[in-house]
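Step one of this worksheet: look at the structure below.
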Number of protein chains: 2
Amino acid sequence: MVPWREADDADVAPSLPSAIWDLVHRRRDVRGEFTGAPVPATVLRWLLASAHAAPSVGLSQPWDFVVVESQAARERFRAHVHAERHAFAVTLDPERSTLFSRIKIEGVCEASLGIVVTYDPTRGAPGVLGRHAIPDAGLYSTCLAIENLWLAATAIGYGVGWVSFYREAFLREMIGAPDHVRPVAWLCVGPVSALQPRPDLERDGWRERRPLDGVVHYERWGKPITDR
Amino acid sequence: MVPWREADDADVAPSLPSAIWDLVHRRRDVRGEFTGAPVPATVLRWLLASAHAAPSVGLSQPWDFVVVESQAARERFRAHVHAERHAFAVTLDPERSTLFSRIKIEGVCEASLGIVVTYDPTRGAPGVLGRHAIPDAGLYSTCLAIENLWLAATAIGYGVGWVSFYREAFLREMIGAPDHVRPVAWLCVGPVSALQPRPDLERDGWRERRPLDGVVHYERWGKPITDR
């Protein structure tokens, strides 16, 4: 058996299929590169159908997608995001705060559209198979749908930017969702001029990516995979 | 602009790239088709590197992966899963309980190995960019990594089965993770003889998949996307 080894990701397994590998590595969390070009209905449906094909606990498919194109609605959401940006900034020490002030955190109005992804815990309930011991399992399913959409978008030259500088109650009210429905993400979606080769937060000096070997354990926590 | 229309998913957008579309639709939550063949280290690394390339809030990469191959450990986990299966079964009405008794919920020992995916809220803290308003955002990131791994596995003829019939405290103790680390998933991983064309829970009569059009809204909750 070939031993575990440290290696550049690009050098890992040249004989394995490259399409998904290329996609997961090209994918970026986009803020600044949206062109604003309109999204045809066929493309929008293709993206949402990719999300909708995700796995879900007990086949509950507990997600909804609210497509937001109205500029007025997006400006209202962006104003809220910027207030939350300020709320975060004041928690930082002066050095991090200065660094943060130079980082773009959203492309809400520059993207072609927004997609609010929500979680409905009543879908398939009661008796959702696989959720009795882990109430958050439905929330997890919703995130899997988001990653499907993100990768599908990447495959067609689109970008996705997940904005999380918001209060759930604000966004729920804004889209008119019922009280029991929980907003999970605001996704900025649309064609992009390019995808950056490195994550924005790394390029901006906010944080470096960790090597894979630091997060892999064998049999028990802290035992290195090289023991395999 | 081409109008929104109801259509079979397979008929949606024939001109869009098929690799990711095929992958998200071929992917299954596998219980019964694992061959148990060993996973080479290069493949294991390729799968984990695909997961590790996922987006994360504030570039926190808050996930860890504990690879479990020991049969003794897997038998211990499976016994716990079956106790939780019973705990769920007794909450069902007689008809659903009978149906549930025929459904296979895990392939813990038949799969080649298990991967426990965990979430560490201290990674990058304090001051995780994008998490101050949504504490669960780091948990969401961990799920995105799981979907990357799932799709990469699907691309190479592997299956993944997410087992969620467990108590987090039990699994945390079993793998020896610190108290602040939260288990998010036990993934059964390995080569499969085939992927079923339809989800197990649909084939078993537990639940039908919903049409996409039932979960898409335009501008506000409840307004149909055909209004676009």
Side-chain angles (χ1 to χ4, degrees), chain A residues 1-4 9 12-13 16-17 19-20 24-25 29 40-42 45-46 48-50 52-53 55 57 59 61 64-68 70 84 88 92 127 130 132-134 137 140 143-144 147-148 151-152 155-156 164 166-167 175-177 199 201 207 210 212 215-221, chain B residues 1-4 9 12-13 16-17 19-20 24-25 29 40-42 45-46 48-50 52-53 55 57 59 61 64-68 70 84 88 92 127 130 132-134 137 140 143-144 147-148 151-152 155-156 164 166-167 175-177 199 201 207 210 212 215-221:
Chain A
M1 190 174 286
V2 180
W4 185 271
D9 281 354
V12 169
L16 293 169
I20 182 67
V24 299
H25 286 87
D29 200 338
T42 43
R45 186 181 170 87
W46 186 84
L48 295 172
S50 297
H52 192 56
V57 64
L59 204 55
Q61 301 181 292
D64 280 86
F65 307 98
V66 184
V67 177
V68 179
S70 149
E84 286 299 328
F88 176 65
L92 300 172
H132 81 283
I134 302 175
Y140 300 166
C143 298
L144 303 182
E147 186 64 357
N148 271 14
L151 294 173
I156 56 169
S164 59
Y166 65 82
R167 299 287 161 177
I175 59 170
L201 292 182
R207 193 173 161 81
R210 296 168 63 91
L212 173 63
V215 297
V216 179
H217 314 251
Y218 188 57
E219 299 293 0
R220 280 182 69 82
W221 194 270
Chain B
M1 188 174 285
V2 180
W4 185 271
D9 281 352
V12 169
L16 293 169
I20 182 68
V24 301
H25 286 86
D29 200 337
T42 43
R45 186 181 171 89
W46 185 85
L48 294 172
S50 297
H52 192 55
V57 63
L59 204 55
Q61 300 181 292
D64 280 87
F65 308 98
V66 184
V67 177
V68 180
S70 149
E84 287 299 328
F88 176 66
L92 300 172
H132 80 284
I134 302 175
Y140 299 167
C143 297
L144 303 183
E147 185 65 357
N148 270 13
L151 293 174
I156 56 170
S164 58
Y166 64 84
R167 299 287 162 177
I175 59 169
L201 293 182
R207 191 171 162 85
R210 296 167 63 90
L212 173 62
V215 296
V216 179
H217 313 251
Y218 187 57
E219 299 293 0
R220 282 182 68 82
W221 193 271

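Reminder, nothing fancy here: chain letters follow the sequence lines and each chain counts from 1.
- Checked by atom type and distance alone, the side chain of A:N148 pairs as donor or acceptor with a backbone atom of A:S50 at under 3.5 Å.
- Taken to the nearest 0.5 Å, the CG atom of A:D64 stands 3.5 Å off from the CH2 atom of B:W221.
- Note on A:L59, A:I20, A:D29: by heavy-atom pairs under 4.5 Å with chain B, the leading option is A:L59.
- Side-chain contact between A:P17 and B:W46 is present, with at least one heavy-atom pair separated by less than 4.5 Å.
- In this structure, A:L212 CG and B:H52 NE2 are separated by 5.5 Å, a value rounded to the nearest 0.5 Å.
- Contact count against chain A (heavy-atom pairs under 4.5 Å) is highest for B:H132 among B:H132, B:E84, B:Q61.
- Taking chain B as the reference chain and counting heavy-atom pairs below 4.5 Å, the highest number among A:A152, A:A19, A:A137, A:A177 is found for A:A177.
- Closest of all the heavy-atom pairs between B:S164 and A:V57 is OG-CG2, 4.0 Å.
- For chain A, the nearby part of B:L92 is the side chain; its heavy atoms alone come within less than 4.5 Å.
- Ranked by heavy-atom pairs shorter than 4.5 Å toward chain A, the options B:L151, B:V66, B:V68 are led by B:V66.
- In this structure, chain A has a heavy atom under 4.5 Å from the side chain of B:P199, while its backbone stays farther away.
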